There are 2 protein chains.
Amino acid sequence: MSNSNAGPRRRRGSDQPTLKQVADAAGVSPITVSRALNTPERVNEETRKRVLEAVDQVGYVPNLVAGSLASASSRFIAVIVPSLANAVFIEVIRGLQETFEARGYQILLGNTDYDLDREYQLVRTFLGWSCSALVTAGLRHSDACLGLLGHWDKPIMEVMELGEALDLNVGLDHQEAGRCMARHLLARGHRSIVYVGACLDRDYRAGMRFAGHREVLEAACLDAPLIELDRLGSLEAGAAGLDQVLGGFPGARAIHFANDDLATGALLHAQRLGLRVPGDIAIAGFNGLTLGQHVTPRLTTIQSPRETMGRLAAEQVLRRLDHQPVTQRQQDVGFTLMVGQST
Amino acid sequence: MSNSNAGPRRRRGSDQPTLKQVADAAGVSPITVSRALNTPERVNEETRKRVLEAVDQVGYVPNLVAGSLASASSRFIAVIVPSLANAVFIEVIRGLQETFEARGYQILLGNTDYDLDREYQLVRTFLGWSCSALVTAGLRHSDACLGLLGHWDKPIMEVMELGEALDLNVGLDHQEAGRCMARHLLARGHRSIVYVGACLDRDYRAGMRFAGHREVLEAACLDAPLIELDRLGSLEAGAAGLDQVLGGFPGARAIHFANDDLATGALLHAQRLGLRVPGDIAIAGFNGLTLGQHVTPRLTTIQSPRETMGRLAAEQVLRRLDHQPVTQRQQDVGFTLMVGQST
DNA sequence: TAGAACTATGTTAGCGCTAACATGGTAGCG
DNA sequence: CGCTACCATGTTAGCGCTAACATAGTTCTA
C-alpha cells in the first residue's frame, strides 16, 4: 500500500539556514537574496542592506553546492600537477592560487604522480564538479583524457612547457634551455660532459632538455653520455649521481644535472669527497631553486619564473572567464642562465 | 500575461549525459544506476555489468555537484594551512592527500597567509561546499570561526601542535621541542645563546618553542635574548639573522633558529664570512628539512614526522567517517633531536 | 505454511539554489 | 500621452542526483 497514512517524510539535508529563511527575515523573495549576494549591483541599495542584515541575523552560510547545480558551474579551478614533492610545482601553484583566490575562485588540486591514467581519473572527477576551468602541467595526455576534454567547453590552460596546446598555454621551451646550458658548458671549455637525469620517461621535460643538450654537443662533434637515475630529484639522488659519474666516466669534467635538487646534492657530496668544484668537476643544474644559490660555490643553473608562470596562466584564464578577448593563447615566459661559480 | 503561448523554456544545464540516459540505455531505473556506481554491492552482478556498459556507451561522467546536493555531503576534505611557501606544510598536505585520495576523497586546499580572518572566510566557503571533514593547521581560531565550527557536526582535525582541541588533534609539543634544543645547547657547554625567530606573532608555534627555550635558559640563570626578523623563514632571512646576532650580541656563541631555513641560511652565510661552525658560533634549527642534512657541517635540528602526521590525521578522520570508534582523539607524534656537527 | 527476513529494484519527492521569464513602476522622449 | 527603456522585484520550473519509502520475489524458520 502507498504511504497514505504517514505524515510528511523525514527531512533530509542539513539543518543550516537556507536562502528562504533569509528571505523571510528580510521580507523579500529568495531570488532577491540570491541577487543581493551574487550580483549586488542589480539590487536596490536599501534592500541589499536589509538582506545582509538578515544574513547575519539567521547565520546564513550559502550552500555553494546548490548554487553550482542550479547554475551548472562552480567557482572551482581544477589544477593538476605531477607531484607535490617538487618545489617547482608548488611555486606554480602558489602563483595560480594567489591570483585565482583573489577573484573568488577556489583551487581543486590534483596530483598525478606522473601517471597519465591518474590524470584521466582526476579530469573525470573535476569535470564532475563543474569546474570553471582546468589548469594542467604539461602537454601530454592520454587518449581517454583528450576524449573528455574535447567535449568540454571551458578554458583549458596547459602550463610548464610550450607547444601545440589544446587551448591556452603558458610555459617555456625546455629543449632550448637544454641547449643554452650545453652551450655555456662548452664556452667554459668543457669537452667531456655527462647529463644526469632521473626517470626521464616520466619527467619528460627533463628529457626534452637532454635532447637540446645532446643536439649542441653532437653539433660540436662530442659525445653526450646520459646517466639516468631511478629516483626522482632529491639531494640523495644527486649524490648518487655524482658517484655514478665518477665510477662510469672517470674522464668527465662537467655534469649537467636535470634539476637543482640533483645538482646541489652532487655539489654538497663533492665537498664531502674533497673534490674541487669546478676545478675537478663542474656542476650545473636547472630550476634556479634558492637552495642552489646559497651553497659555495654558487650553482650555475637556469632560472624559470615559476610563480610568474602561475600568475600569468591564471590571468589568461580569468580573462577568458570574464569573456574578455584573450591577448595571447600561447605565452613564453622564457628562462635565464644564472652563471654561478660551480662551472 | 502569463507565458501561455510559448513553448517549453529554454533548457539549462550542460549537455552532458545524465543518469537518466544511462538508465534508459541499460533498461533500468535511475536509482539502480546510482546504486550500481556508488554502492555496487547492493546491485545484482549482472545488472551492474549492464549499467557499466551503458555508462561507457553514453560517455557518462557523474555530476558530483548534484550528488552532493541530494546527499547533503560531498567527498571533499577541507584542508587549511597558513602557507604554501613553507615546506613543512607541504609535507603534511602530502600525507593527507595520499591517504584521503586513496579512499576517494578530494582535498580542498586553503591558504590563510597566517591570517585568522582569512581562515574564517575559508571555513565559510568550505562549509558551503558540504565538506565531509575539516583539517586545519593549529589550535588558534577567530571567534567568528569558532562560532561556525561550533554548529558543525562533521569531524574537525587540528594538526601541527598539541593542546585543547575542538575535536581531533594530531601534533607535537612545540614548547617541549624548544626545551629540548635549549638543553642540548647547554649540554654542549654554550652559555651565550641567542634565539632567532621570524614573525613570532604569526608563526606562534615558533613562539612556543622560544618559550620552552627561555624556560630552560632561565632555569640555568642565563639570559635568553631574542631576535625577531620581519620576514618569514628563508635562507636570505637566516643570513640576515646571523649578521644581526654578530652585530648585536658579539659574545654570542650559539644561535637557536626557529627553523631550518633560517638556520641553514645562517650556516651557509657563516661559511662565506669565513666563520667556523661550531668553533666560532654554533647553529641549531628546527624541522629536519633535507637541506640542513646535506650541508657541511650537518645541521643540528629537531625532526618532526610531518608526512606521518598528515597520514595519521587522515586515518583518524577516515575512521570517524566510517563510523568506527576513534582510537585516540589526541595523538602526539613526537619529535627527534638530530645532533649534527653544527653545535 | 504463514510470516519473518532478506534481496533486488522501483516510485516519489525533494536537496537549495538560480535561469528564464513576467510584472509593475518610474523615467525619458517627441 | 502613448511609446519605449529601464529598474527592481517576483513567479515558476527546474539543475541531476539520492534518501526514504514501497514492492515484488525469494529464502529461511518454526
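Everything numeric here is computed off the predicted structure, so don't read it as measured data. Every chain is numbered from 1 and lettered A, B, ... according to where its sequence line falls, protein lines coming before strand lines.
- Residues B:Phe76 and B:Phe100 place their aromatic rings such that the two centres sit no closer than 6.0 Å.
- Between atom OH of residue B:Tyr120 and atom OG1 of residue B:Thr125 there is a gap of 10.0 Å, rounded to the nearest 0.5 Å.
- The distance between atom CG of A:Leu64 and atom P of C:dC15, rounded to the nearest whole Å, is 18 Å.
- Between A:Trp152 and A:Phe126, the distance from one ring center to the other does not fall under 6.0 angstrom.
- Counting to the nearest Å, the P atom of C:dC15 and the CG atom of A:Asp15 are 11 Å from each other.
- Using a 4.0 Å cut-off on heavy atoms, the residues of residues 21-34 of chain B that approach DNA chain C are B:Val28, B:Ser29, B:Ile31, B:Thr32, listed by number.
- In summary, the side chains of A:His141 and A:Glu158 do present a donor paired with an acceptor at a separation below 3.5 Å, with no hydrogens or angles considered.
- Direction of the helix axis in the helix from C:dT1-D:dA30 to C:dG30-D:dC1 shifts by 30° between the two five-pair termini, rounded to 10°.
- Between the side chain of A:Ser74 and the backbone N or O of A:Trp129, at least one donor-acceptor pair lies under 3.5 Å.
- Atoms CZ (A:Arg42) and P (C:dA20) sit 11 Å apart, rounded to a whole Å.
- Of the candidate nucleotides C:dC17, D:dC15, C:dG14, C:dG14 has the atom lying nearest to any side-chain atom of B:Ala70.
- Using a 4.0 Å heavy-atom distance criterion, A:Val43 is classed as a sugar-phosphate-only contact.
- For A:Leu37 and C:dG16, the CG to P distance is 16 Å, given to the nearest whole Å.
- Here the side chain of A:Leu19 is nearest to one of C:dT18, D:dC17, C:dG16, namely C:dT18.
- Counting non-hydrogen atoms of other residues, nucleotides and ligands closer than 6.0 Å to CD of B:Glu41 gives a total above 12.
- Using a distance-only test at 3.5 Å, with no hydrogens or angles considered, no donor-acceptor pair links the side chain of B:Asp322 to the main chain of B:Gln324.
- As a whole-Å value, the separation of B:Glu41 CD from C:dT9 P is 13 Å.
- Checked by atom type and distance alone, the side chain of B:Asp115 pairs as donor or acceptor with a backbone atom of B:Asp117 at under 3.5 Å.
- At a threshold of 4.0 angstrom between heavy atoms, the contacts of A:Ser68 with the nucleic acid are absent.
- With B:Asn169 as reference, B:Gln330 is the one residue of B:Gln330, B:Gln316, B:Gln331 to meet the side-chain hydrogen bond (donor to acceptor under 3.5 Å, both in side chains) rule.
- Applying the 4.0 Å criterion to OP1 and OP2 of D:dC7, one finds that A:Asn44 has every side-chain N and O outside that range.
- The distance between atom NZ of A:Lys20 and atom P of D:dT12, rounded to the nearest whole Å, is 14 Å.
- Per the geometry, CG belonging to B:Leu69 stands 13 Å off P belonging to D:dC15, to the nearest Å.
- One atom, CZ of A:Arg35, and another, P of D:dA8, lie 11 Å apart when rounded to the nearest Å.
- Taking the nucleotide of DNA chain D with the nearest heavy atom to each of B:Tyr60 and A:Glu45, the more 5' of the two is matched to A:Glu45.
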